[in-house]
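All residue numbers refer to positions in the sequence shown, counting from 1.
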Amino acid sequence: MAQGTLEVVLVSAKGLEDSDFLSGMDPYAILTCRTQEKKSSVASGHGSAPEWNETFLFSISGGVSELKIKIMDSDSFTQDDFVGEATIPLEPLFAEGSIPPTSYNVVKDQEFRGEIRVGLTFTEQRSSDRGFDAEESYGGWKQSCVD
């Protein structure tokens, strides 16, 4: 099972459906990895092609298989609008260690709503980093059964 640190570089998005009719869209992203949630800055006035170039760190433990990125449109006087969501599988990342900035589809109601560009890096935590190394364990069963 993968355990370590996931670094997500939220680069940009393009072709997002503009949900504001009178003014430009002010998009931001909510990144969710299991129970951890991070929020990007609002790309004010960037409309349907925002650029963030922001980095987020997540602690990864067993059972995490995907990263969800929800794109929202910040509205001053009404509730923020849901623009769409991208789901990024993490298994290829765990095998490779890093994936350069790649475009992923943003979907809403099973329809294409644009693309989001994200770079990923996974740094695996070694067992010795957790303070336990099976080879250097003293007084364990290995020593007690040897005469």
Practice task
Evaluate side-chain contact (heavy atoms from CB on, under 4.5 Å) for L67 paired with L120, printing each intermediate quantity in order.
Solution key: CA-CA 10 Å; L67 170 71; L120 302 168; 4.1 Å; yes
Exercise for the section: Please lay out, stage by stage, how T55 and V8 fare under the test side-chain contact (heavy atoms from CB on, under 4.5 Å). Expected result: CA-CA 6 Å; T55 302; V8 180; over 6 Å; no
Problem - Stepwise side-chain contact (heavy atoms from CB on, under 4.5 Å) check, F56 with S40 - result: CA-CA 9 Å; F56 302 91; S40 76; 3.8 Å; yes
Practice task
Would you please test S44 and D26 for side-chain contact (heavy atoms from CB on, under 4.5 Å) and show each step?
Solution key: CA-CA 5 Å; S44 295; D26 300 315; 4.1 Å; yes
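The closest side-chain heavy-atom distance from I60 to T5 is not below 4.5 Å. A 4.5 Å side-chain heavy-atom check between L93 and L6 finds at least one atom pair inside the cut-off. Counting only heavy atoms from C-beta outward, the side chains of P50 and I71 never approach each other to under 4.5 Å. Side-chain atoms of K14 and S48, non-hydrogen and from C-beta on, never get closer than 4.5 Å to each other. Between C33 and V64, some side-chain heavy-atom pair lies under the 4.5 Å cut-off. Using a 4.5 Å heavy-atom threshold, the side chains of V118 and T102 count as separate. Put simply, the side chain of I30 does not reach to within 4.5 Å of the side chain of I69, judged on heavy atoms.
Counting only distance, with no hydrogens or angles, the side chain of K108 and the backbone of F82 share a donor-acceptor pair below 3.5 Å. Within the 3.5 Å criterion, the main-chain N or O of G15 finds no donor-acceptor partner in the side chain of E115. The main-chain N or O of D80 is never found under 3.5 Å from a side-chain atom of D75 such that the two would form a donor-acceptor pair.
The pair R113-E111 meets the salt-bridge criterion, with a side-chain N (NZ, NE, NH1 or NH2) lying under 4.0 Å from an Asp/Glu carboxylate O.
By the side-chain contact (heavy atoms from CB on, under 4.5 Å) test, T87 pairs with E66, K68, sequence neighbours left out.
Distance check: L31 CG to I116 CD1 gives 7.0 Å after rounding to the nearest 0.5 Å. Taken from CZ in R117 to OG in S12, the straight-line distance is 6.5 Å, to the nearest 0.5 Å.
Linking ILVMFWY residues whenever their side-chain heavy atoms come closer than 4.5 Å, directly or via other members, leaves F122 and V9 in distinct clusters. Residues F58 and V11 are members of separate hydrophobic clusters, defined by side-chain heavy-atom contacts under 4.5 angstrom among Ile, Leu, Val, Met, Phe, Trp and Tyr.
Identified under the salt bridge (charged side-chain N to carboxylate O under 4.0 Å, His left out) test for residues 31-56, with sequence neighbours left out: none.
Among all heavy-atom pairs drawn from S41 and W52, the shortest one is O-NE1, 3.1 Å.
Side-chain contact of D73 with Y28: a donor-acceptor pair under 3.5 Å is absent, judged by distance alone.
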